[in-house]
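What follows is a single structure, written as structure tokens, with notes after it.
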Amino acid sequence: MAQEQDFYAALVRDPRFAREVGNVVVEFGSATHQDIMDRYTDGQNVSYTELRKVWTDTIGWAPQPFELGYVNFFAQVRATNLTRPPDQRIHVWLGEPPLNWTKVEKHEDFAPPPEWRKTHPEDDIWAWRDSYPAELINRQILSKGSKVLVIYGSNHFLTDAVISRAIMRNGGPVLAVLLEREHPGALFTILPYMGFFADNNCRAEFEKKISGPAPLLLSPMRGTTLDDPSFRLRCPLPNILPPTVPAAQRADVTDRLTRWLMGMSADALLYLGPASSFTRSSILPDVYLDEDYLKEIERRWRVTGPQHATPDTMDMTAEKNGASPRPYRP
């Protein structure tokens, strides 16, 4: 969502952020290239071909994080850092594990390296995506008494075991659980409002209860007029539960998931305006202009999945990238 990406860019430009927080951990960058990101955000000259590796060598993205807003975030940090003394600059930590894609030739290679498995024998590739950033945050930031903004997808903060068993693809502990084990109470979890209701009348009813100009941070959510069981019965989420969820559990799981996405189970909800105003961030043109680059992305898809993915099915072709903003659909 373009408005969410713009919010993060504005956040790091605020002088208080570098002074009071100073660290960001992002899901949309590969730790394989932390050195590249460090040089770039420090103001050094980095070629675009080199910088692009940061977001194209990620693991858990299909397609890769190609939207303009992700790249703009890094540029905003760099611009902000250039106005500050070297010892008062924002440090961007890349949270995606350091997978060497040049060595991924078959599906069996799509796994944590042997040195990681020695200390984490239970981790598959997906569990690694939570355990790696958790260790990074615990060791490099929280253990030193520092603060951090963690920009990750909401599933990485989903601590409700009932929902996790129903919809998650792996049984490993998520990022939030791993952080809380080492530093209980350290997390303040914020979910963005993304207009998740299928019915426009439900969206309007929910948004009408929110007063004040965006952006707003609504906290607490639990027990407020927004936390209304009767509203959730009238305005359920679209049916996104997998068919494997037993019929007897579907109502409970649906209500838990609805409360989670509405921010009721988090510490706060970030409101960036009505859903009708949301737009998608445009994808970067080099996705379809650089044929060698696109072929490499397709090669990775064939090795790791998703099955039968092509540039066309993944909205990566020129004709699917209009210049005008497109409405955002959650």
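- The neighbour count for Lys209 NZ, taken as heavy atoms of other residues, nucleotides or ligands under 6.0 Å away, is above 12.
- Separation of the Phe197 and Phe231 ring centroids falls under the 6.0 Å cut-off.
- Salt bridge status for Glu67 with Arg280: present, with a side-chain N to carboxylate O gap under 4.0 Å.
- No donor-acceptor pair under 3.5 Å is formed between the side chain of Thr32 and the backbone N or O of Asn100.
- A salt bridge links Asp57 to Arg300: at least one charged side-chain nitrogen sits closer than 4.0 Å to a carboxylate oxygen.
- Between Asp252 and Arg256 a salt bridge is recorded (basic side-chain N to carboxylate O distance below 4.0 Å).
- For the side-chain contact (heavy atoms from CB on, under 4.5 Å) criterion with Val26, the lone passing option out of Tyr152, Phe74, Trp93 is Phe74.
- Looking at every heavy atom in both residues, Phe278 comes nearest to Gly195 through CE1-N, 4.1 Å.
- With Ser47 contributing its side chain and Glu50 its backbone, the two residues share a donor-acceptor pair below 3.5 Å.
- Taking the six-membered ring for Trp and thresholds of 30 and 60 degrees, Tyr293 and Phe66 have ring planes more than 60 degrees apart, a perpendicular arrangement.
- Considering Thr83, Asn81, Asp42 as possible partners of Arg89, the one that fulfils the side-chain hydrogen bond (donor to acceptor under 3.5 Å, both in side chains) test is Asp42.
- Panel note: side chain Glu207, backbone Gly273; no donor-acceptor pair is recorded below 3.5 Å.
- Taking a cutoff of 4.0 Å between a charged side-chain nitrogen and a carboxylate oxygen, Asp109 and Lys103 do not qualify as a salt bridge.
- Salt-bridge annotation for Lys118 and Glu115: absent, with no side-chain N of the basic residue lying under 4.0 Å from a carboxylate O of the acidic one.
- Within 6.0 Å of CG on Asn45 lie no more than 12 heavy atoms contributed by other residues, nucleotides or ligands.
- Residues Arg52 and Asp290 are paired through a salt bridge, judged by an N-O separation under 4.0 Å between the basic side chain and the carboxylate.
- Aromatic rings from Trp55 and Phe73 are positioned such that their centres are separated by 6.0 Å or more.
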